[in-house]
Each structure stands twice: as structure tokens, then as C-alpha cells.
Amino acid sequence: MDIVECLSSSTYPERPIALTWEGERLEITTILSQWRTPEALWFRVQAFRHVQRGDQRTFDLAFFEAEARWQIQPVSGG
């Protein structure tokens, strides 16, 4: 199961703040874009694996509302 932590006020999910990837919690530093498809709400984000080394990665996060579940996909080259 993919884990994404979010801040929410009037809607869920409003803003993802962290994700768990390969057993490690990564802090989201930037939301690059957000879009909606009929199946899911998507976010393209940048997150740090090792802040001290500057190891930044890009991920697409999909929230499937009907199932209330997240999917995390690493973006190639990101």
C-alpha cells in the first residue's frame, strides 16, 4: 500500500506533504502540477530522499477517490 501524507482543510487531499517510498519517508518540497482525470486526482511532486546529499526525486501521485487509495509512480529522469 502506498502512503501519502496530506494537509487538508475543506477537501481531501488538498496538499501532499510527504510520501513513503521503498520504506523511507520523503518530504515533498515542491508541487510541480496538479490535474484531475475521471479516475483520480494527480499531483506531480518533488521530494528529497537525502536532504544532506541533495538527492531530489520526482513522483506522480494519484489519489483514486472511489477507492480512497494512493498510487505513487516515480518519474523517469526526475
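Keep in mind the model is a prediction, meaning the values are calculated, not measured.
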Item to check | Partner residues of Ser9 under the side chain to side chain donor-acceptor pair (under 3.5 Å) criterion, sequence neighbours left out | outcome: Glu14
Item to check | Qualifying residues under side chain to side chain donor-acceptor pair (under 3.5 Å), relative to Gln34, sequence neighbours excluded | outcome: none
For the hydrophobic clusters of this structure (ILVMFWY residues joined by side-chain heavy atoms under 4.5 Å, transitively), does one cluster hold both [X] and [Y]?
| X | Y | value |
| --- | --- | --- |
| Phe43 | Phe64 | no |
| Ile31 | Trp42 | no |
| Leu26 | Ile17 | no |

Next on the checklist: Suppose the criterion is salt bridge (Lys or Arg N to Asp or Glu O under 4.0 Å): which pairs have a residue in residues 61-77, not counting sequence neighbours?
Outcome noted: Arg36-Glu65, Glu67-Arg69
Next on the checklist: Quick test of your reading: applying salt bridge (Lys or Arg N to Asp or Glu O under 4.0 Å), list the pairs with at least one residue in residues 1-11, sequence neighbours left out, ordered by first then second residue.
Outcome noted: Glu5-Arg25
Checklist entry - If every non-hydrogen atom of Phe59 is compared with every non-hydrogen atom of Pro74, which pair is closest and at what distance? => result CD2-CA, 3.7 Å
Checklist outcome for this item: Taking every heavy atom of Cys6 against every heavy atom of Pro16, the minimum-distance pair comes out as SG-CA, 3.8 Å
Item to check | Flag, side chain of Thr20 to backbone of Gly23, donor-acceptor distance under 3.5 Å | outcome: no
Next on the checklist: I'd like to check the ring-ring contact (aromatic ring centres under 6.0 Å, His included) partners of Tyr12; sequence neighbours left out, ordered by chain and number.
Outcome noted: Phe63
Next on the checklist: With side chain to side chain contact (heavy atoms under 4.5 Å, CB included) as the criterion, how do Thr58 and Leu32 come out once you've worked through the C-alpha distance, each side chain's angles and the decisive distance to 0.1 Å?
Outcome noted: CA-CA 9 Å; Thr58 303; Leu32 300 170; 4.1 Å; yes
Checklist entry - Residues in side-chain contact (heavy atoms from CB on, under 4.5 Å) with Thr29, at least two apart? => result Gln46, Phe48, Gln56
Checklist entry - How far does CD1 of Ile28 sit from CZ of Arg15, to the nearest 0.5 angstrom? => result 7.5 Å
Checklist entry - To the nearest 0.5 Å, what is the distance between CD1 (Ile72) and CD1 (Ile3)? => result 8.0 Å
Item to check | Sub-4.5 Å side-chain heavy-atom contact between Leu61 and Leu19 | outcome: yes
